[in-house]
Amino acid sequence: MTRATTVRAVLAAAVLLVSVLITLTMSPRLGLDLQGGTRLVLQAKDSDTAKADRESTDRTLEVLRQRIDSLGVTEPTLTRSGEDRIIVELPDVQDPRKAAEVIGRTAQLSFHAIQGPAAQNDERADAKADAEAGNGPTLPDEQGRSLDLGPARLSGAGVKDATAAFDAQQGAGWTVSLDFHKKAGRDWTRLTGEAACHPVQDDRRRVAIVLDQQIISSPEVSPSVGCNVGLPSGSTQITGSFSADEARELALLIKGGALPLPVEIVEQRTVGPTLGAAAIDASARAALIGAAATALFITIVYRLFGALAAVALAAYGVISYAALVALGVTLTLPGLAGFVLAIGMAVDANVLVFERAREEHAQHPGRSLRSSLTAGFRNAWSAVADSNVTTLIAAGLLFFLGSGPVKGFGVTLAIGVLASMFSALVIARALTDIAARSRFVSDYRGINGIAAPGRVRTWLTRRDPQLMRSPRRWLLISTALIAVAVLGIVVRGVNLGVEFTGGRLVEYSTSRPVDVERARTALADAGFDDVEVTTAGEGDLSVRTGKLDNDGEHALRAALAEEGGETTKVRDELIGPSLGDELRRNALIALGIAVLVQLAYLAIRFRWTFAVASVVALVHDVIILVGAFAWLGRTVDGIFLAALLTVIGYSVNDSVVVFDRVRELWAKARRVPLATVANRAVLQTVPRTVNTGMGALFILTALAVLGGDSLADFALALLIGICVGTYSSVLTAVPAALLLERSSKAPPPARKRAPGRRSGTKAARRDPLDNGARV
């Protein structure tokens with residue numbers, strides 16, 4: 001073996017070993033749907049400045065969501081109940097009392113100038129009276145001495161970020177570093193400048209940092225800071241002999257912001273999973289069957305190399321799962337389904353390599369199998385890199401700008417992309433490189449899977465269809481499909497789920513124990529298809545549904561009574577959407593910015609016409625998918641949102657692969673009409689498109705047929721999205737790029753001279769668009 005192959009093999013073995021150890025020794029964090037968790041009911045109360053109404057309670061809910069994200073709890077469920085209650089459901093929370101303490105803290109942060117030590121028996125010791133009089137409170141500092149404070153000069157709203165860190169250089173131990181917004185930074189400079197006018201060791205040279213009417217730190221301004229000059233930077237550090245947990249808790253409280261309203265925990269209980277064991281087992285079986293079908297398919301198409309790629313895909317699954325477990329990502333059933341789907345999509349990189357190797361072998365029959373395979377990896381690298389970089393950009397922006405399920409999706413997507421690249425470019429390459437050195441594998445064309453061109457490529461070579469002869473025809477078809485989808489949205493409307501619209505939460509006590517799956521089946525038979533059923537406390541059932549009148553509630557209770565005997569209503573509350581306005585707005589903003597950044601990246605790496613055409617295809621896919629669900633009357637909920645994000649990533653990935661080939665062929669044949677170049681590029685990438693799509697469809701079909709009702713809509717959305725995305729990447733994106741290029745004045749891309757090739761040779765005079773495939 002060469003040194004490079006040895007390095008890849010050793011690296012692959014090391015990563016796999018670590019991944020297996022993590023898988024065997026660490027347990028995953030499971031979401032509410034798989035394991036259940038803790039449910040907290042919070043009661044919002046009137047404050048001095050705000051009343052506990054619907055609007056202020058919604059603002060309080062969003063602050064709580066930020067705190068919970070900072071706690072590391074992903075995929076939580078937060079809903080408003082009535083006017084002034086908030087229901088918080090936390091999956092796999094190890095210490096619910098600690099979580100309740102952090103969630104319930106008001107976290108009012110303020111910065112004060114110190115007037116001096118408080119006098120004995122100071123009549124202004126009551127903080128509320130001081131505030132009403134326009135004075136600052138009198139509070140004890142860290143040493144217990146009472147200090148007179150001036151009015152608050154800066155609030156926690158001016159803090160941009162807060163992080164906990166260990167300060168080893170100054171010996172301060174665990175501290176909390178604060179970064180201020182621009183205006184707040186200027187206020188901080190003025191505050192410290194005024195304090196610097198007092199002598200060293202004078203209490204008035206200190207600045208009091210107050211959290212919930214308690215001085216947590218009162219650092220003295222350094223003697224090097226001049227009077228009325230202040231600290232120039234927009235940051236500071238809170239010290240106070242914190243432990244690591246205390247510093248992290250303080251940082252997340254400050255970063256999450258102050259609650260607009262004080263809240264009181266009125267109920268805390270454990271809830272069961274929203275999915276029964278039967279549904280989980282059915283989904284697991286579907287995932288295994290789908291993954292096995294994908295592995296069998298790629299083995300049939302690419303023979304020995306396909307089998308080795310299937311081994312690499314299994315390694316990808318282990319590495320991805322270990323990374324999710326090690327990072328503490330909360331796994332939900334849609335997330336696991338997306339993870340299994342990613343196994344099917346991860347075959348894309350291997351398919352790209354093998355198809356390029358087939359082209360290379362057909363073009364140069366005298367080359368060794370190993371040389372063709374090496375050329376396949378080299379030629380496929382550009383498409384693999386560009387498609388994965390665009391997906392990572394989207395994942396990163398969804399993580400940093402989104403929240404809740406959008407943030408969790410970004411984490412899962414990023415891990416899947418990185419693990420996919422490692423499995424294809426390191427593990428699969430090491431395995432195939434070792435196999436290609438065998439004379440037996442090289443000599444027998446029917447074994448290696450590379451020496452034969454493949455049936456799809458053979459058929460296309462014989463027919464040579466001119467798909468791009470009339471690009472406007474394909475765009476008219478795409479426009480017609482969009483019109484049908486928009487008509488469905490307008491006429492039928494979008495059936496938004498409880499996460500978007502809110503609804504009703506009813507808890508029942510039954511005389512006989514009822515399994516969640518039996519309860520869900522009974523309610524579905526009674527016409528309640530979209531209800532969410534969980535256990536709540538000692539044998540109670542919690543039913544969350546959309547709009548439900550009193551007659552509907554009586555019918556629902558009667559359906560449960562058939563299974564559980566005498567059924568008594570314990571709680572009945574109207575709830576708001578768990579995907580509130582702010583979360584939806586942040587998700588749309590994150591998605592919009594992700595699309596714009598991808599557009600800029602593709603414009604730089606390719607051409608602006610290719611970038612715009614890719615976005616056109618993406619929008620085409622989104623509208624058609626939403627329209628299809630509108631016509632079918634299916635529910636658009638959080639699971640659909642995850643599927644939609646997956647389809648967007650798939651669409652961009654597909655378009656990048658096609659345009660990468662267009663760019664490559666056009667650079668070789670700058671005088672050939674672009675329509676001819678694009679047609680040849682499409683035909684050369686069709687085998688990859690078909691084989692990759694088939695790999696994903698096997699898993700999705702298994703999930704749709706065998707996964708049960710819990711995953712039916714998820715699988716259906718992805719089935720529609722991938723079929724439409726495959727169509728649009730070829731017959732929407734490419735025709736749109738052709739029409740945009742007709743109005744563009746930009747020259748064709750520069751040709752890259754192949755190493756070792758001289759102009760004037762036979763190779764240079766050969767048809768630059770010929771891929772060498774023969775029948």
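The model shown is predicted, which means the values in this text are computed figures rather than measured ones.
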Side chain to side chain contact (heavy atoms under 4.5 Å, CB included) assessment of Ser382 paired with Arg605: CA-CA 10 Å; Ser382 176; Arg605 286 287 291 148; 3.9 Å; yes
Please examine the side chains of [Y] and [X], heavy atoms only from C-beta on, and report whether any two atoms are closer than 4.5 Å.
X      : Y      : answer
Val595 : Val615 : yes
Leu304 : Thr432 : no
Glu741 : Arg607 : yes
Glu355 : Tyr302 : yes

Polar side chain donor-acceptor pair, Ser368 to Ser371, under 3.5 angstrom: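 Ser368 vs Ser371: donor-acceptor pair found between side chains.
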Thr689-Thr726 side chain donor-acceptor pair, cut-off 3.5 Å: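 No donor-acceptor contact under 3.5 Å links the two side chains.
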Is it the case that the side chain of [X] and the backbone of [Y] share a donor-acceptor pair, with hydrogens and angles ignored and the cut-off at 3.5 Å?
X      : Y      : result
Ser320 : Gly317 : no
Ser651 : Val647 : no
Asn679 : Pro465 : yes
Arg663 : Val658 : no
Ser743 : Leu740 : yes
Thr676 : Val672 : no

Salt bridge (Lys or Arg N to Asp or Glu O under 4.0 Å) partners for Arg688, two or more places apart: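 For Arg688, the residues satisfying salt bridge (Lys or Arg N to Asp or Glu O under 4.0 Å) (neighbours in sequence not counted) are Asp348, Asp654.
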Qualifying residue for side-chain hydrogen bond (donor to acceptor under 3.5 Å, both in side chains) with Asp621, from Ser729, Ser728, Ser655: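 With Asp621 as partner, Ser729, Ser728, Ser655 yield a single side-chain hydrogen bond (donor to acceptor under 3.5 Å, both in side chains), made by Ser728.
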With rounding to the nearest 0.5 Å, note down the distance linking [atom1] in [X] to [atom2] in [Y].
X      : Y      : atom1 : atom2 : result
Leu731 : Arg473 : CG    : CZ    : 9.0 Å
Ile482 : Thr732 : CD1   : OG1   : 7.5 Å
Thr609 : Leu738 : OG1   : CG    : 9.0 Å
Ser420 : Asn350 : OG    : CG    : 7.5 Å
Tyr316 : Leu418 : OH    : CG    : 10.0 Å

Cation over ring face, Arg356 and Phe377, 6.0 Å, 45°: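 So Arg356 doesn't make the cation-pi contact.
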Residues which pass side-chain contact (heavy atoms from CB on, under 4.5 Å) with Val652, listed by chain and number, not counting sequence neighbours: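 If we apply the side-chain contact (heavy atoms from CB on, under 4.5 Å) test to Val652, skipping adjacent residues, the hits are Thr390, Gln598, Leu618, Val656.
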Arg472 atom CZ: more than 12 heavy-atom contacts under 6.0 Å: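 No, because the 6.0 Å sphere around CZ of Arg472 holds 12 heavy atoms or fewer from other groups.
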Residues, nucleotides or ligands: over 12 heavy atoms within 6.0 Å of Trp608 CH2: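 More than 12 heavy atoms, drawn from other residues, nucleotides or ligands, come within 6.0 Å of this atom.
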Parallel, tilted or perpendicular: rings of Tyr727 and Trp474 (30°, 60°):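 Perpendicular.
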Ring geometry between Phe629 and Phe640 (parallel below 30°, tilted from 30 to 60°, perpendicular above 60°):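 Tilted: the ring planes of Phe640 and Phe629 meet at 30° to 60°.
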Ion pair Glu359/Arg661, N-O distance below 4.0 Å: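 Yes, charged N to carboxylate O under 4.0 Å.
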Minimal non-hydrogen separation, Ala436 against Leu373, with atom names: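 That closest heavy-atom pairing would be CB-CD2, 4.3 Å.
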Centroid-centroid under 6.0 Å between Phe606 and Phe659 rings: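 Not under 6.0 Å, so no.
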